[in-house]
Amino acid sequence: MPVFQRPLLDVTGCDIPDLSFTGLEKAVLELMGSTAETFVNPIEGAMGEIQGAIGESLQKLGGADFNIPFGEEGDTVGGFLSGKLDGLNSGIDEFRVHTDRLSGVSSVLDIGGGAYGPGGIQGEYPGLAGLHSLATQVNTLKNSLKDPLQAAKDHYSPIFNSLFGPGDDMIRSVQSLVDGDVSNFLTNFPFDQDTSGLVELGSKVSDLQSNITNLIKDDNLAYEAALDFVLKKTVGFSVLSMLEQPCLGKKLFDKIAGGDLKGAVESAGEAGGL
């Protein structure tokens, strides 16, 4: 509740526009921010299964069977592999935060703490509404600017790679390692005490944790590249607007336009493109 309260303005007789929503539009808009299930993270189930398996593995590694010295720094078999799995578990937590933002799950959460701000933003990166808007703009612009003889290309989905092929492949790799190599080691070690492959197993776990971090970075870099592209083309639309204002904008254009830009405008004008 706000600290200071006052009576609201009297809007009697005011002309407040009615957006005249259709039934579909109203139904969708009213769901946003409600307690209804509006969005789901498509890989949440797989992440939950993986973290459940990691939890079971960590519990086993805490047992006496794995309290055996390993390495040169006073570590144990259980301590070494537990550290690797803890890191992987933390990586999946980060991936959940990231993919909840991409999938819109974060967009309808109540604000006030946590990993997200209003509208599901995460730091400098927007929630679903901003991502979809930008992806649509870059896809439309790039396909509009291509050679008419070239086939259309998907410039929309790279921002959402973690929800499509690359994300699915990475999660399957993590699940395969945890359910396969890690599980087999935990089953066999109490009997054979073989640590010959433990360093390699630890490296595999660490590599997958790095892959998670890299996929998050790749998504964010795709967003940044798309944003940079759209903003630069927006400057181009401003230039076109200047050319339509002979008394104002055109005079500014004549002052600031470089040789290549002036040449392009002149050539297009001669060809009847303006």
Side-chain angles (χ1 to χ4, degrees), residues 17 19-22 25 28-29 32 95 97-104 106-107 116-170 210-274:
L19 298 180
S20 300
F21 293 123
T22 65
E25 291 167 342
V28 169
L29 292 173
M32 298 302 113
F95 198 58
V97 171
H98 177 67
T99 52
D100 276 356
R101 178 174 63 83
L102 298 189
S103 62
S106 70
S107 298
Y116 314 105
I121 65 172
Q122 183 188 0
E124 63 187 290
Y125 299 108
L128 178 61
L131 292 171
H132 165 71
S133 176
L134 178 64
T136 299
Q137 290 178 63
V138 73
N139 187 63
T140 300
L141 281 169
K142 287 195 172 185
N143 279 303
S144 298
L145 291 168
K146 69 175 178 60
D147 187 317
L149 298 178
Q150 292 179 330
K153 184 179 178 181
D154 167 32
H155 299 284
Y156 177 92
S157 67
I159 291 175
F160 302 98
N161 266 346
S162 289
L163 301 181
F164 288 99
D168 289 336
D169 292 343
M170 191 270 297
S210 297
N211 289 347
I212 292 174
T213 300
N214 290 334
L215 186 52
I216 293 172
K217 288 181 179 178
D218 285 348
D219 284 348
N220 291 338
L221 286 173
Y223 162 79
E224 292 170 7
L227 180 61
D228 183 65
F229 176 85
V230 169
L231 290 177
K232 284 176 178 174
K233 300 311 175 190
T234 299
V235 176
F237 285 116
S238 293
V239 169
L240 294 173
S241 176
M242 291 178 191
L243 298 176
E244 295 174 353
Q245 301 175 6
C247 293
L248 299 171
K250 182 61 167 61
K251 292 181 178 179
L252 175 62
F253 173 86
D254 292 339
K255 287 277 188 182
I256 64 175
D260 290 342
L261 180 56
K262 286 183 177 178
V265 170
E266 290 171 0
S267 296
E270 291 171 359
L274 287 177

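What you see is a predicted model; the values in this text were computed from it and never measured.
Inter-residue side-chain proximity for Gln137 and Phe229 is flagged as unmet; no heavy-atom pair is nearer than 4.5 Å. Here the side chains of Tyr125 and Leu102 are not in contact, with every heavy-atom distance at 4.5 Å or above. Side chains of Val265 and Leu243 form a contact here, defined as non-hydrogen atoms less than 4.5 Å apart. Taking the side chain as every heavy atom from C-beta outward, Gln122 and Ser106 never approach each other to under 4.5 Å. Using a 4.5 Å cut-off on side-chain heavy atoms (C-beta onward), Ile216 and Ile212 make contact.
Thr234 places a side-chain N or O within 3.5 Å of a backbone atom of Val230 that can act as its donor or acceptor partner. The main-chain N or O of Ala135 is never found under 3.5 Å from a side-chain atom of Asn139 such that the two would form a donor-acceptor pair. Of the possible polar contacts, none joining the Ser241 side chain to the Phe237 backbone as a donor-acceptor pair under 3.5 Å is found.
Rounded to the nearest 0.5 Å, atoms CD1 (Ile159) and CG (Asp218) are 13.0 Å apart. Taking OG of Ser238 as the reference point, atom CG of Leu252 lies at 10.5 Å (rounded to 0.5 Å). Between the CG atom of Asp154 and the NZ atom of Lys142 there is a distance of 11.0 Å, given to the nearest 0.5 Å. One distance of note links CG of Asp219 with CZ of Phe160; it measures 9.5 Å at 0.5 Å rounding. The distance from the CG atom of Asp228 to the CG atom of Leu221 is 12.0 Å, given to the nearest 0.5 Å. One distance of note links CG of Leu227 with CG of Leu131; it measures 10.5 Å at 0.5 Å rounding.
Counting heavy-atom neighbours within 6.0 Å of Lys217 NZ, excluding the residue itself, gives a total of 12 or less. Atom CG of Asp254 sits in a crowded spot, with more than 12 heavy atoms from other residues, nucleotides or ligands closer than 6.0 Å.
Residue Pro166 comes nearest to Asn161 through the heavy atom pair CD-O, 3.5 Å, listed as atom of the first residue, atom of the second, then distance. Ser144 and Thr140 make their closest contact through OG-O, 2.7 Å (heavy atoms, listed as atom of the first residue, atom of the second, distance). The minimum heavy-atom distance linking Glu124 with Tyr223 is given by the pair O-OH, 4.2 Å. Minimum interatomic distance between Asn220 and Arg101 (heavy atoms only, all atoms of both residues): OD1-NH2, 3.1 Å. Among all heavy-atom pairs drawn from Ser162 and Leu215, the shortest one is OG-CG, 3.4 Å. In plain terms, the two heavy atoms of Lys233 and Leu141 that are nearest each other are CB-CD1, 4.1 Å.
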